[in-house]
Enquirer: 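Pasting in a structure now, in structure tokens, and then I'll have a few things to ask.
Please read all numbers here as calculations on a predicted model, not as lab measurements.
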Amino acid sequence: MAWLWLLCALLPAFMPSATANSPPVFASNMTLVTLPEDLPVGSVAFWLVATDKDNDKLTYEISGPNAYFFSVNPATGEVKLVSPLDFETLYSFAITISVNDNHNSPVWKELRVVVEDRNDNPPVFQNSGFSTSISETLPVGSVVFTVRAEDKDTGLAGLVNYSIKKVIPSTDDSKNLFRILQNGSIVLGESLSYNNKSAFYQLQLEACDSGGLWNNSQVVLCSQPVFLSISVVDEPDLDPQFVREFYSASVAEDVALGTSVLKVEAVDGDKGINDNVTYSITNSTRPGWFSIGKEGVIRVSGPLDREQLLTDNEEVQIQVTATEEHHNIYGQEAKASMWITIRVTDVNDHKPEFYNCSLPSCSFSPQEAQDNFTGYVDEHTSARIPIDNLTMVAYDPDQGDNGTFLLSLKGEDAEAFNVSPERAAGSVSVQVVVRNSEMVDYEKKTVMTVEVVATDSVSKNYSVATVTIHLRDINDHRPTFSQSLYELTVPENSPTGFVVTSMISATDQDKGEWGRITYSLLPGNGEDVFEVDPISGTVTVKNGTLLDRERQAVYYLTLQATDGGNQSSTTTLQITLLDVNDNAPVVRGSYNIFVPEEGGNVSVTIQAYDDDEPDTNNSRLHFSLLPGPYSHNFSIDPNTGLLRNLEPLDREAIDPALEGHIVLTVIVADCGEPPLSTEASVSITVEDINDNLPVFNQSSYEFFVKERDPGEFVGTVKAWDADQTETNNRISFSLSGTGVNNFAVRGKVLGQGWAEGYIWLLPDVSLDYEAQKFFNLTVSAENPGPQGLESTVSLTVAVLDVNDEPPTLDAVSLQAVSVAENGSQHGQVAQVKAQDVDTDSLLRIELVDIICTKDNVDVGSVCHGWFSMTANGSVYINQSEAIDYEACHLVTLVVRAHDLTTDPRFDAYSSDGNLPIIIEDRNDNAPYFLPVNQTFVIIPELVLPNQQVASVQARDEDSQHNRVINFSILKADFVSKDGATNPVQVFQIIRSVEADLYTGNIVLVTNLDSTLQGIYQVTVQAQDQPVSDPALETQITLNLFTVDQSYRVRLQFSSNKEEVGANVEEIKAALVQATRTSVYVVTIQNIDSTARAQVQSYLDAYFVFSNGSALTLNELNVMIRRDQDTLKQLLHLGLVVVVSVVGQRSRGGGVCVLQPPHPPFLQSSQESQESDQPKLLTSVIIGLAVALLLVLVILITALLCVRKSYRRKLLAMKAGKEARKTPIEATTSTAAIPGTNMYNTDRANPMLDLPTKDLGLECLSSGDLDNVSLNSLDKNAVDLDTDSKKMKKPLPHDSPEPDPEPLSAVLSGRHVGTNGPQQRNVSFTNPGLDTTDL
């Protein structure tokens, strides 16, 4: 029983916890706390929670380097924020928390504080001031400048959006001139113009984030505006511009010649070039009045007269043209014109004058000025009444004060009248009005006279006009004649208007209108022959043609006189017609005489009479011949009219056109005064006889005929016969001489004795220059008839050589030539040659066409001005600077040769030839990168060596070797999140080319550290590879954003990985729709666990924005919960849980659970922890109780086993002693029970070979133990990181190792508990009591 006493002594030592005070224990979730960085100072951040089994009063405390952020209530554990948090400065830190029950030592624990990012940082530009210069011809779409702004926030709050807030100057032209891409590249949106738009622009740029939480509200933060200054470089593409939109000046009309009037000024329209400008007058409404110097000063060059410009508004229009000294970029004159107005001002060089007209129809010509006017007024007319019929206008052509004048009256009757107005300017209608009606008295004066004086108000020059005013009276008397009969005579030949008498008049005592007498003839015989003047009473012939004494000799007329009151009286007029010589002699019959030439005579008497009064000179006749071409050959008797010829007549002496007819004019005249005559024509025909030979018009003839022309016309000969009739002057032609058989002659009568002979080659005959160059013939002209008269003349026909072969081009001169671009060559580059086999050829080389091709494609007329060719075939460079290989690779000059002397019947042109001019490229274009419109993101966990992470594209407008581009990485830096920059060598660039587009693929050389946070900045250089010219290069810097493993998110699904893989594109599309990010899938795996039967697989992924930032679990939670449609779709695709992979592995992380059929939701890690705190606390308490109970059971079991082991050892010692006494032959060979010292047969002791009951071991049966499993946790499965089950394997029965001691086997097998892996092993071994010592 000694072991019982030992057990009692040791029991207190093994159970101290049953009686001692227990230390407090922090809650299991007191390992991590997440706080937003915008948590206000003074707010409750979290609570420290600990439990004490003894219910002791607990005291809380916070310590550590970062403890200054918080203050803690020692009694309650309430923790408040006392110093603001900043994610960008310190996004995670640890503090030490402790709790003390004042009985035990303080319990210390590290608490990790994670600061959640909030949108508290606006984007910041890397620089605050930018400037650049660009050409005004920069193509639309080109990158002007690139800016970059950084936002220290993460997620959407760190995604920077660029915008142009303002363009200065702010006009309609600049509104869409620039646009900015999301990568910060500013692109030209419309064409520039240095002059028409602006030469300088200032862009106000702003960078804003994409919004984020701040104080529980979505806010968008923007950077301070920065300004980009863009200077536009001018090009000479505009005409000059006048500095003023309108020029005008005034000059007095009396200035001296050479006086400066105005200076115009024009400047180069290209303000950045400012070329010199010269001036000229190209048009003028008054040529010669003005001239302009090269400096732009307009001077008077001729006399001026303002009054000539009244219809032109007193202005002279001059067109001034400003021309730049140099040509523009198009090779043309740059010039501009403007009309300039010069007003000629007035000088007081005119005095006012009077005109008889009515405004406004007055023309005011100097010839129309008058100084006498007439008006009428009734006697005693009231004052201020104007006189009638006075149309007087005063006019001074001067202007302003110079044209102002005063009007006044003077003269003997000036007191009776006034003038109106008294003052005027320019032109005015002048009225004379009655001033004193008593003085206007018809009985005193019938006519009154005043003088109107117009005096210039400045020069005092004046004009005077006399106005005669007739006073009107009333009617009270009848007019009377002095005789009742008047006897008058009038010659019968009196013309119309002839005055018969002007001495007859009537008198009336009335004055004025009443005393004015009107005369008229009463109807009767002669009223159509005579008329009377109604005012003067003068009787005149109305129609002189009706006066004829022979028809009527006397007329009786009644003359009536009527006054203004319509009272009248009459008298009789007897008019006798006086005879005059008004009848010409009359010739009786007609006279046609025929007489042969050289022998015939003429004798004929002309008969005539006269109807005038017989036996007077008016009827006595006289005959004479009218002088004419042939009148000298004849005579006539003046009294009898006998006509005779004086000499023989010759037909050839008469004009052939008369055909032998002579017409003589005989004049038969009377002896009256004036004498009258009649002409009589006498026609004398002189008949022709054949008495003349034909005569050629030349003494010899020479004609020229081209060879190879059968039937060609040779020439014309001409002859004349002086005979006057066709019968006697007909001519026929004939040929004679050597070779006459080749020719034919055909005569033609021309008339008037002329004839032509047309000489032709026979139709089947053509001449040959080489066989016979000349033919000598004789031409005969014969007058047919019995006389047989003939004339001859010599004829020479010369044969002419014909230019009938076309020229040909020299093929050697058409070989290709090369010309370098960009003004590298000048002068002559080729010489085109041609030849012609003809002797008299005159060759010219002509340019037919110019063909411009690039890569065998016609590019239009871009090269038409580059080269020129002279008539001798010399090809010159015309525009060396304009030659551009990038515009045209090959210029083909299409040429031909032209023989200017080739016969028109034959082709004068050679066939076209091509002269190729190859344009040689020079390395004049640097490579240029194409705009990068994407953001490169690297996920180090996903990329492997030799994998592409970014790319650039570049072009070079040169050709061949000049356009080959090599890429190189100048430098690569890693810029960490804290701003530190470190050079790296982890990238290389690989070049590829397709259709002249070079692509540089940036690939990874080594694996990247997936924990680094920052940006890789890679500077890439593109350099061309010219053979001889200097190489040109350009650089671009790329930003490669990294996403570390902290942003890896795991999505768990209720379907297996095959189904998830089949739906992965649909899942990604839904996630992209919800997050607006790029989704990168890392892996899809199955979860082999029965503990979570609802989850079968998971998908790990990153959610990355275009700016390189990524979504955290909480941000992903907010976005998915915000988009309910996407959430439903993901639930339909099997999504159950979203967890943070890093959180799972390190700190327990956040878990987002989807629990249908309730409304779907996601929980962040903090919410999940807070909701699980009561359950977790309960689980901890229960676990502690179970662990304590297990410890007690194990202790009691251990004590019992120690007791039994001690007893067995005593029995074994006893058995050993007995065994030493027992012979070996008495032992039974029976197998022992494994793990015991008992045998199977009779449970005998192997030492004593006795039954077990004899050894006192009835209390324990090894067989019973062997029937019990040694693993008490066989039915529990544990989720390990490898997501696999591990089961306890039973020991093999045939193990060669010795069987373990049963208790040790049981205790050693308890290494896994239901609460998780690696529970503390509470078993122990007392080496002092080990049976192996035996």
Side-chain angles (χ1 to χ4, degrees), residues 91 117 126 146 148-156 158-160 182-185 210 929 932-953 967-992 999-1020 1035-1050 1068 1071-1072 1075-1083 1099-1113 1115-1116 1140-1142:
Y91 64 89
D117 189 23
Q126 291 185 346
T146 301
R148 174 170 174 78
E150 292 185 350
D151 193 319
K152 295 181 180 180
D153 295 322
T154 59
L156 286 175
L159 181 61
V160 179
Q182 287 305 310
N183 63 353
S185 295
S210 298
F929 287 97
V932 179
N933 296 323
Q934 60 177 325
T935 301
F936 300 110
V937 178
I938 297 179
I939 302 177
E941 186 178 0
L942 296 182
V943 296
L944 300 174
N946 297 324
Q947 183 175 346
Q948 178 181 334
V949 296
S951 66
V952 293
Q953 290 183 322
F967 296 101
S968 61
I969 297 178
L970 294 183
K971 66 174 182 176
D973 297 325
F974 180 77
V975 182
S976 60
K977 193 170 184 180
D978 58 2
T981 301
N982 297 309
V984 295
Q985 296 182 351
V986 295
F987 302 104
Q988 67 178 2
I989 190 165
I990 300 174
R991 186 191 71 174
S992 63
T999 302
N1001 297 313
I1002 301 175
V1003 300
L1004 197 62
V1005 177
T1006 62
N1007 289 321
L1008 299 178
D1009 188 347
S1010 60
T1011 63
L1012 295 179
Q1013 297 182 349
I1015 300 173
Y1016 289 97
Q1017 292 184 342
V1018 181
T1019 301
V1020 179
Q1035 293 89 29
I1036 190 173
T1037 300
L1038 302 179
N1039 293 320
L1040 283 62
F1041 300 89
T1042 61
V1043 179
D1044 60 275
Q1045 283 185 334
S1046 64
Y1047 293 98
R1048 181 170 174 175
V1049 178
R1050 175 166 294 177
K1068 288 175 62 178
L1071 293 171
V1072 170
T1075 63
R1076 300 297 189 271
T1077 62
S1078 298
V1079 180
Y1080 298 90
V1081 176
V1082 180
T1083 184
L1099 179 150
D1100 287 355
Y1102 290 89
F1103 297 84
V1104 183
F1105 290 101
S1106 61
N1107 64 349
S1109 60
L1111 284 179
T1112 62
L1113 174 64
E1115 292 171 337
L1116 178 63
S1140 172
V1141 177
V1142 177

Enquirer: Within a reach of under 6.0 Å around OH of Tyr1080, are more than 12 heavy atoms found that belong to other residues, nucleotides or ligands?
Expert: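 Yes.
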Enquirer: Considering only heavy atoms from C-beta outward, does the side chain of Ser976 approach that of Asn982 to under 4.5 Å?
Expert: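 Side chain of Ser976 against side chain of Asn982, heavy atoms only: no contact under 4.5 Å found.
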Enquirer: Going by heavy atoms in the side chains, are Phe1041 and Asn1039 under 4.5 Å from each other?
Expert: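 Side-chain contact under 4.5 Å: yes.
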Enquirer: Between Val1081 and Lys1068, is a side chain to side chain contact (heavy atoms under 4.5 Å, CB included) present by the stated rule, with each step listed?
Expert: CA-CA 9 Å; Val1081 176; Lys1068 288 175 62 178; 3.9 Å; yes
Enquirer: Is there a side-chain contact between Ile1002 and Leu1038 (heavy atoms, below 4.5 Å)?
Expert: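 Answer yes - side chains close enough.
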Enquirer: Side chains of Pro940 and Asn1007, heavy atoms from C-beta outward: is any pair under 4.5 Å?
Expert: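 The answer is no, as the side chains (C-beta and beyond) never meet within the 4.5 Å cut-off.
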Enquirer: Roughly how far, to the nearest 0.5 Å, is OG1 of Thr981 from CD1 of Ile1015?
Expert: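 Nearest 0.5 Å value for the CD1-OG1 distance: 10.0 Å.
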Enquirer: Just so I know, are the side chains of Gln1045 and Tyr1102 near enough to count as touching, which here means a heavy-atom distance under 4.5 Å?
Expert: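 Side chain of Gln1045 against side chain of Tyr1102, heavy atoms only: contact under 4.5 Å found.
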Enquirer: Do Arg148 and Glu150 meet the salt-bridge criterion of a basic N to acidic O distance under 4.0 Å?
Expert: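 Answer for the salt bridge query: yes.
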Enquirer: From the options Val1003, Val943, Leu1004, Ile990, select the one residue that forms a side-chain contact (heavy atoms from CB on, under 4.5 Å) with Gln948.
Expert: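 Checked Val1003, Val943, Leu1004, Ile990 against Gln948; only one passes side-chain contact (heavy atoms from CB on, under 4.5 Å): Val1003.
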Enquirer: With side chains defined as the heavy atoms from C-beta onward, is the minimum distance between Lys977 and Thr154 less than 4.5 Å?
Expert: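 They are in side-chain contact.
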Enquirer: Can you check whether Leu1111 reaches Val1049 side chain to side chain, under 4.5 Å on heavy atoms?
Expert: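 The answer is no, as the side chains (C-beta and beyond) never meet within the 4.5 Å cut-off.
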Enquirer: Quick one: does any side-chain atom of Thr1077 pair with a main-chain N or O of Phe1105 as donor and acceptor, under 3.5 Å?
Expert: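 Here the side-chain-to-backbone pair does not exist.
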Enquirer: Angle class for the Tyr1016/Phe987 ring planes (parallel below 30°, perpendicular above 60°, tilted otherwise)?
Expert: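 Rings of Tyr1016 and Phe987: perpendicular, as their planes differ by over 60°.
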Enquirer: With a 4.5 Å limit on heavy-atom distance, are the side chains of Thr146 and Ser185 in contact?
Expert: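 Yes, at least one pair of side-chain atoms sits under 4.5 Å.
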